[in-house]
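Notes follow the structure.
Here is how names work: the chains are called A, B, and so on, in the same order as the sequence lines, proteins then strands, and each is numbered from 1. Note: hydrogens, waters and symmetry copies are ignored here, and every other heavy atom, side chains too, is used.
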Amino acid sequence: MRVVTWNINSIRTRVDQVLGWAVANQADVLLLQETKCGDSDFPFAAFEAAGYEVAHHGVNHWNGVAIVSRVGLDNPVGGFDGHQREPFDEPRLLAATCGGVRMWSVYVPNGRELDDPHYLYKLVWLERLRSELALKGAVGQRSLVAGDFNVAPTDLDIYMPSRWKKRTHASPPERAAIDAIIDLGLRDVTREHLPGAGVYTWWNYRTDGFAKDQGLRLDLALCSPAVADATESVHVDRAARGLERPSDHAPLVLDINF
DNA sequence: ATGTCGTGGACGCCACGA
């Protein structure tokens with residue numbers, strides 16, 4: 001089973017590119033972030049015509065997450081459970097069961113600047129994600145929590161760590177929040193399979209970062225032991241970042257075989 | 001500090017978020 005997580009920065013702008021990529025690369029499941037549309041504007045028909053089922057959790061032109069699957073799509077749940085939903089009710093989390101694995105498509109708040117209230121929101125959101133995964137018993141079942149975490153877990157995940165010392169995405173509290181999620185018992189399978197430097201998933205549009213390979217590893221796939229043990233390979237498809245009018249993120253691809 | 005994208009409002013550019 002091939003599972004892909006990809007921040008696609010607007011599904012309406014890139015539906016042909018994303019779907020074309022999925023078909024060409026034989027993706028069984030796509031966990032998408034930043035669809036940037038409400039449910040009524042998602043191009044369901046195009047995916048369904050290609051044999052995929054779709055669950056989407058979106059409200060307006062901000063955020064938005066989706067799960068696309070051709071190996072079943074059961075029990076979709078958007079957002080945090082119950083009382084944990086408010087006031088953090090932006091569409092940034094969607095769960096569904098595909099191919100026997102409980103999957104979460106995750107879009108963590110950006111944080112903006114270290115002194116911005118949005119940064120605190122990011123930290124609280126990450127703690128709520130940890131709490132949600134604990135509540136749902138993610139570690140003890142076949143689980144895959146993947147998406148745009150907007151955090152580079154270590155300095156190995158940054159092209160030039162010194163440049164990010166005073167910026168979001170690399171600060172100690174953000175990394176501690178990621179570590180707390182991993183410490184539930186999940187495993188960062190990208191790191192396990194690709195232990196070296198230079199494994200990036202995002203390159204800045206503004207600085208022409210892709211041409212200079214100045215990237216960050218912001219997109220993570222955190223797996224329960226049952227799924228991590230079955231993960232045969234992990235790769236980033238950098239070619240997708242080089243397409244015409246690309247997203248600023250590349251797809252992260254997992255091949256899982258139970 | 002800057003850059004480039006995407007979106008929506010009331011445009012033919014500006015605001016905002018990334």
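For residues 3-33 of chain A, the set of pairs meeting the ring-ring contact (aromatic ring centres under 6.0 Å, His included) definition, not counting sequence neighbours, comprises A/W6-A/W21. Residue pairs meeting the ring-ring contact (aromatic ring centres under 6.0 Å, His included) criterion with at least one member in residues 176-195 of chain A: none, sequence neighbours excluded. Pairs engaging residues 131-158 of chain A under the ring-ring contact (aromatic ring centres under 6.0 Å, His included) rule: none recorded [sequence neighbours left out].
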Please table the atom pairs, donor to acceptor, closer than 3.5 Å between any side-chain atom in residues 106-115 of chain A and protein atoms at least two apart or in another chain.
{"unit_1": "A/Y107", "atom_1": "OH", "unit_2": "A/E34", "atom_2": "OE1", "d": "3.3"}
{"unit_1": "A/Y107", "atom_1": "OH", "unit_2": "A/E34", "atom_2": "OE2", "d": "3.4"}
{"unit_1": "A/N110", "atom_1": "OD1", "unit_2": "A/R112", "atom_2": "N", "d": "2.7"}

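Side-chain atoms of A/N9 and A/S247 form no donor-acceptor pair, as typed in the model, at a separation below 3.5 Å.
Taking atom C1' on both nucleotides, B/dC11 is separated from B/dC16 by 16 Å, rounded to a whole Å. For the P atoms, the distance linking B/dC13 with B/dA1 amounts to 28 Å, nearest Å. Annotation: B/dC14 and B/dG3 have their P atoms spaced 14 Å apart (nearest Å). B/dA10 and B/dC5 have their P atoms separated by 27 Å, with the value rounded to a whole Å.
The salt bridge (Lys or Arg N to Asp or Glu O under 4.0 Å) search around A/D41 returns A/R12, not counting sequence neighbours.
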Counting primed atoms, P, OP1 and OP2 as sugar-phosphate and everything else as base, the B/S/- map of nucleotides 7-18 of chain B against protein heavy atoms under 4.0 Å is SS-------BSB

